[in-house]
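Below: one structure, written as structure tokens.
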Amino acid sequence: MTLLLFNKPYGVLSQFTDRSMSEARATLSDYIDRPGVYPAGRLDRDSEGLLLLTDDGRLQARIADPKFKLPKTYLVQVEGDVADDALARLRGGVTLKDGPTRPAEVERIDDPALWPRDPPIRYRAAIPDCWLSLTIREGRNRQVRRMTAAVGHPTLRLVRWSIGDWTLADLPPGQFRHA
């Protein structure tokens, strides 16, 4: 069995091929040349961080399927200064268009020592921002972004830091290692 931990850079698709006809976009094949491994779950093109790839279909299903409630922790830079009431709403679960989310574990954190993003996020002097550590146990499409927006704090940068016990620690963007 193969399990790879990959630090997906911003702008890279979580797939090996791109069917887009309009522009050439970066894919996993630009970084990983390991036949037979496939992503266990997805990470949006405009999100960064941990993506697990495996050749074991059962493990892939266990990682990606929400019924296993595997915790996924994100470092999230949001617009505005997040107040305690917004944190409480996230902790209680928020209602999105596709229904209520499960409660999240969330706390404000100091700016994490992350790699620079290319391109950098837009800086606006008149609008503060802050960082959150947010853990969910489900994985709807763009869920973290929709949750922070629902409490009035749009996401500026999103980095998945861990999935279960697997973490990005000491793994530079665009690099992978065996678990």
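Values below: all heavy atoms of this structure, side chains included; hydrogens, waters and symmetry mates excluded. In this chain, numbering begins with 1 at the start of the sequence shown.
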Does Leu28 form a side-chain contact (heavy atoms from CB on, under 4.5 Å) with Leu51? I'd like the steps, not just the answer. CA-CA 10 Å; Leu28 296 177; Leu51 186 64; 3.8 Å; yes

Is there a side-chain contact between Thr2 and Asp55 (heavy atoms, below 4.5 Å)? yes

Return the orientation label for the Tyr38 and Phe16 ring planes: parallel under 30°, perpendicular over 60°, tilted otherwise. perpendicular

Validation row: Ser133, Thr73 side chains within 4.5 angstrom (heavy atoms): yes

Only one of Tyr10, Trp115, Tyr74 passes side-chain contact (heavy atoms from CB on, under 4.5 Å) with Val159, and that residue is Trp115

Is the shortest side-chain N to carboxylate O distance from Arg108 to Asp81 below 4.0 Å? yes

Between Asp44 and Asn141, is the side-chain contact (heavy atoms from CB on, under 4.5 Å) condition met? List the steps. CA-CA 8 Å; Asp44 296 330; Asn141 187 38; 4.0 Å; yes

Membership question, hydrophobic clusters at under 4.5 Å side-chain separation (ILVMFWY): are Leu87 and Ile136 in the same one? yes

State, with a plain yes or no, whether a side-chain heavy atom of Val78 is found less than 4.5 Å away from one of Leu156. no

Look at the side chain of Asp65 and the backbone N and O of Arg62, then say whether any donor-acceptor pair between them is shorter than 3.5 Å. no

Please check if the side chain of Gln175 supplies one atom and the backbone of Phe6 the other of a donor-acceptor pair under 3.5 Å. no

Should Arg25 and Glu23 count as an ion pair when the cut-off is N to O under 4.0 Å? no

Min side-chain heavy-atom separation Glu48-Val12 under 4.5 Å: no

Separation between CG (Asp85) and CG (Leu90), nearest 0.5 Å, reads 10.0 Å

Would you name the heavy atoms of Val144 and Thr155 that are closest together and state the gap between them? O-OG1, 4.2 Å

With a 4.5 Å heavy-atom cut-off, do Leu70 and Ile63 have their side chains touching? yes

For the side chain of Arg91 and the backbone of Val106, is there at least one donor-acceptor N/O pair under 3.5 Å apart? yes

Mind running salt bridge (charged side-chain N to carboxylate O under 4.0 Å, His left out) on Asp46 and Arg117 for me, showing each step along the way? CA-CA 11 Å; Asp46 52 355; Arg117 194 184 89 172; over 6 Å; no

From Arg145, Lys8, Arg160, Arg157, residue fulfilling side-chain hydrogen bond (donor to acceptor under 3.5 Å, both in side chains) relative to Ser47: Arg145

Would Leu50 and Leu59 show up in the same hydrophobic cluster when neighbours are defined by side-chain heavy atoms closer than 4.5 Å? yes

Say you draw a straight line from NZ of Lys72 to CD1 of Ile163; how long is it, rounded to the nearest 0.5 Å? 6.5 Å

To the nearest 0.5 Å, atom CD of Gln77 lies from atom CG of Leu75 at 10.5 Å

Just by modelled atom types, is the Arg140 backbone N or O under 3.5 Å from a matching donor or acceptor in the Gln143 side chain? yes

Heavy atoms only: give me the nearest Thr135-Pro71 pair and the separation to one decimal. CG2-CB, 3.8 Å

Flag the pair Leu168 / Leu5 as yes when at least one side-chain heavy-atom distance between them is below 4.5 Å, and no otherwise. no

What are the two closest non-hydrogen atoms of Ala150 and Leu96, and how far apart are they? CB-CD2, 4.1 Å

Please assess Leu52 against Leu3 for the test side-chain contact (heavy atoms from CB on, under 4.5 Å), listing each intermediate value before the final yes or no. CA-CA 7 Å; Leu52 300 176; Leu3 178 63; 4.2 Å; yes

Within 6.0 Å of CG in Asp111, more than 12 heavy atoms from elsewhere: yes

Locate the shortest heavy-atom distance separating Pro173 from Pro9; write the atom from each residue and the value. C-CG, 4.3 Å

ILVMFWY network linking Val82 to Trp131, side-chain heavy atoms under 4.5 angstrom: no

Let's go through Val37 and Leu4 carefully: what are the C-alpha distance in whole Å and the side-chain angles of both, what is the deciding distance for side-chain contact (heavy atoms from CB on, under 4.5 Å) to 0.1 Å, and is it a yes or a no? CA-CA 8 Å; Val37 297; Leu4 302 178; 4.2 Å; yes

Inspect the surroundings of CG in Asp33 and state if more than 12 heavy atoms from other residues, nucleotides or ligands are less than 6.0 Å away. no

Glu105 and Leu134, any side-chain heavy atoms less than 4.5 Å apart: no

With the 4.5 Å side-chain cut-off for hydrophobic clustering, are Ile32 and Leu171 part of the same group? no

Heavy-atom closest contact (Gly41 atom, Ala64 atom, distance): N-CB, 3.7 Å

Considering all heavy atoms, the nearest Gln60-Pro39 contact: NE2-O, 2.7 Å

Do Lys69 and Arg102 come close enough that some side-chain heavy atom pair is under 4.5 Å? yes

Spatial distance of atom NE2 (His178) from atom CG (Leu53) [nearest 0.5 Å]: 11.0 Å

